[in-house]
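First the proteins, then the strands, lettered A, B, ... as listed; each starts at 1.
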2 protein chains.
Amino acid sequence: MKKRELDSCPICHNLNIDDEESFLDDLKCAFRYYEKNDTIVLQGQLCDALYVLTIGKVRAETVSENGAIINVETVDAPRPLAPAFLFSDNNRFPVNIIALEDVEVIVIPKSEIVRLMMTNPDFMQNYLAHNANRTQFLTSRLQLLSIKTIKGKLAHYLLEMARNTDQPFIVDKNQSELAELFSVARPSLARSLSEMVQDGIIQIHRREFRILDINKMKNLIV
Amino acid sequence: MKKRELDSCPICHNLNIDDEESFLDDLKCAFRYYEKNDTIVLQGQLCDALYVLTIGKVRAETVSENGAIINVETVDAPRPLAPAFLFSDNNRFPVNIIALEDVEVIVIPKSEIVRLMMTNPDFMQNYLAHNANRTQFLTSRLQLLSIKTIKGKLAHYLLEMARNTDQPFIVDKNQSELAELFSVARPSLARSLSEMVQDGIIQIHRREFRILDINKMKNLIV
DNA sequence: ACGTACCTGTAACAATTGTTACAATCTAAT
DNA sequence: ATTAGATTGTAACAATTGTTACAGGTACGT
């Protein structure tokens, strides 16, 4: 593994220099290469090694029991794939992972990961931090989805983006992306937005938003 | 810390006996006791130590910006409280934690946790496994909530409970609890259930369910 | 057996969201 | 500048879900 790749990986960056040589020397790992549309991991497959996506882009999809694709997520290198599942009691991949372009994956056996953690505190904390951040992401996503109305979701989302100021701010998603994030239909989202504008709660110009009435906004979150 | 408490804690059980003495001897930790309705942790509070709930029961609640309580979860001892957030970049508690009865909490500084992990592989793997299981739980919860229709959620849930058999099975939640899990209103859930019965997809007698048409069931999950 | 509290079934109506379709506007490449 | 493609606004109507209310069923303690 080259140093460049090492540094760019979220669980391998900022490691103590002294450790880095021994870190690299003995690491047992396999390099795998895939082409577009290759299947890298099959849903349900045993997960006994860490898959680190170092080059390229993949799609992670959940397939329901009748074959319909429920959930899709695109993952860009560099990132570990499903690092939490390596240590879970039910250690099987929850998704299919498919190459969207030419891809390099480094496969590191679980035993090696454990060894690295035991010998390198920085690596261990990186790993923990990465999983922790993932948990936080999932928690906030769950909180968003458990708000029942579209306006409630918008209020929650926009208040976070605005950070308690009444200054205008730019939202980095278009309506379609927002609708997907909220798991609602795009025209419904547009309707809710225009109703909030009519009610004098917000102002919108393209992707620039401004909160006019913070209290009404907060009351939308039930 | 007594051995009994140690064993019952999900991140401390099954530790190597040899290590156990040294594990206990040097552990710097504080015991804290709370009465009913005491606040143990305030949302937003810095999280630089692991809080292990060893005795009692607590409520974890998310409070929205207008003061309304959005999300509630009850946690029984023994369990660590928000163990993932100890290592996250934004290491603040995401919830208020309030004692529901007399409670004992052991507070272990982050540095101690790191030391334990570095010296005790079993402890480290327990910790990782616990966080991983939590991630899995959140992932499946998220998957459930992102299904848009009540019947779809029911199908997903019931198919998992039935485990691909056509044998009757008991659901361990009543309709109100199911409705809360799905984040829908109870009468709406009842209506969906009775429509599924009318359509010959399932049979219900109290909490005993039976799947009559697996294919129709699977097609409900979009 | 009786009453109480809880759970379930159901109905009428309101509110919200989805669907589909199309026009208007913006963006970026030629 | 022009055009193709993406994004946004909007409308009519369908479908789903929420709300409220009440009746009947069940479990449980007295």
> Is the ring centre of A/Phe87 less than 6.0 Å from the ring centre of B/Tyr127?
no
> State whether B/Ser188 places a side-chain N or O below 4.0 Å from either non-bridging phosphate oxygen (OP1 or OP2) of D/dG18.
yes
> Please evaluate residues B/Asp89 and A/Asn133 with respect to the criterion side chain to side chain donor-acceptor pair (under 3.5 Å), reporting the C-alpha separation (whole Å), side-chain torsions for both, the decisive distance (0.1 Å), and the verdict.
CA-CA 7 Å; B/Asp89 293 335; A/Asn133 289 338; 2.9 Å; yes
> Report the distance from atom CD of B/Glu195 to atom C1' of D/dT17, rounded to the nearest whole Å.
11 Å
> Inspect the contact between A/Glu73 and A/Arg59 and indicate whether a charged nitrogen and a carboxylate oxygen are less than 4.0 angstrom apart.
no
> Tell me: CD1 of A/Ile204 to C1' of D/dT8, nearest whole Å?
10 Å
> Whole-Å distance between C/dG18 C1' and B/Lys148 NZ?
9 Å
> With distance as the sole criterion, do the side chain of A/Arg191 and the base of C/dG18 form a donor-acceptor contact below 3.5 Å?
yes
> Is it true that A/Arg32 and A/Glu104 make a salt bridge, defined as a side-chain N closer than 4.0 Å to a carboxylate O?
no
> So which one's nearest nucleotide on DNA chain C is more toward 5', A/Arg206 or A/Ser192?
A/Ser192
> Please report the distance, rounded to the nearest Å, between CZ in B/Arg207 and C1' in C/dT8.
11 Å
> Take the protein atom CG of A/Leu193 and the nucleotide atom P of D/dT10, then report the distance between them rounded to whole Å.
11 Å
> Side-chain N or O of A/Thr149 less than 4.0 angstrom from OP1 or OP2 on C/dT16?
no
> Of all heavy-atom pairs between A/Leu193 and A/Gln175, which one has the smallest distance, and what is that distance?
CD1-NE2, 3.7 Å
> B/Lys173 NZ to C/dT8 P: how many Å, rounded?
13 Å
> Roughly how many Å is it from CD in A/Gln175 to P in C/dT27, rounded to a whole number?
14 Å
> In terms of side-chain heavy atoms of B/Asn174, which of C/dG18, D/dG18, C/dC7 is nearest?
C/dC7
> Which of these nucleotides, C/dT10, D/dT17, C/dT8, is closest to any side-chain atom of B/Ala190?
C/dT10
> Checking contacts here: which listed nucleotide (C/dG18, D/dA11, D/dT7) is nearest the side-chain heavy atoms of A/Pro187?
D/dA11
> Rounding to a whole Å, what distance do you find between A/Arg186:CZ and C/dC22:P?
15 Å
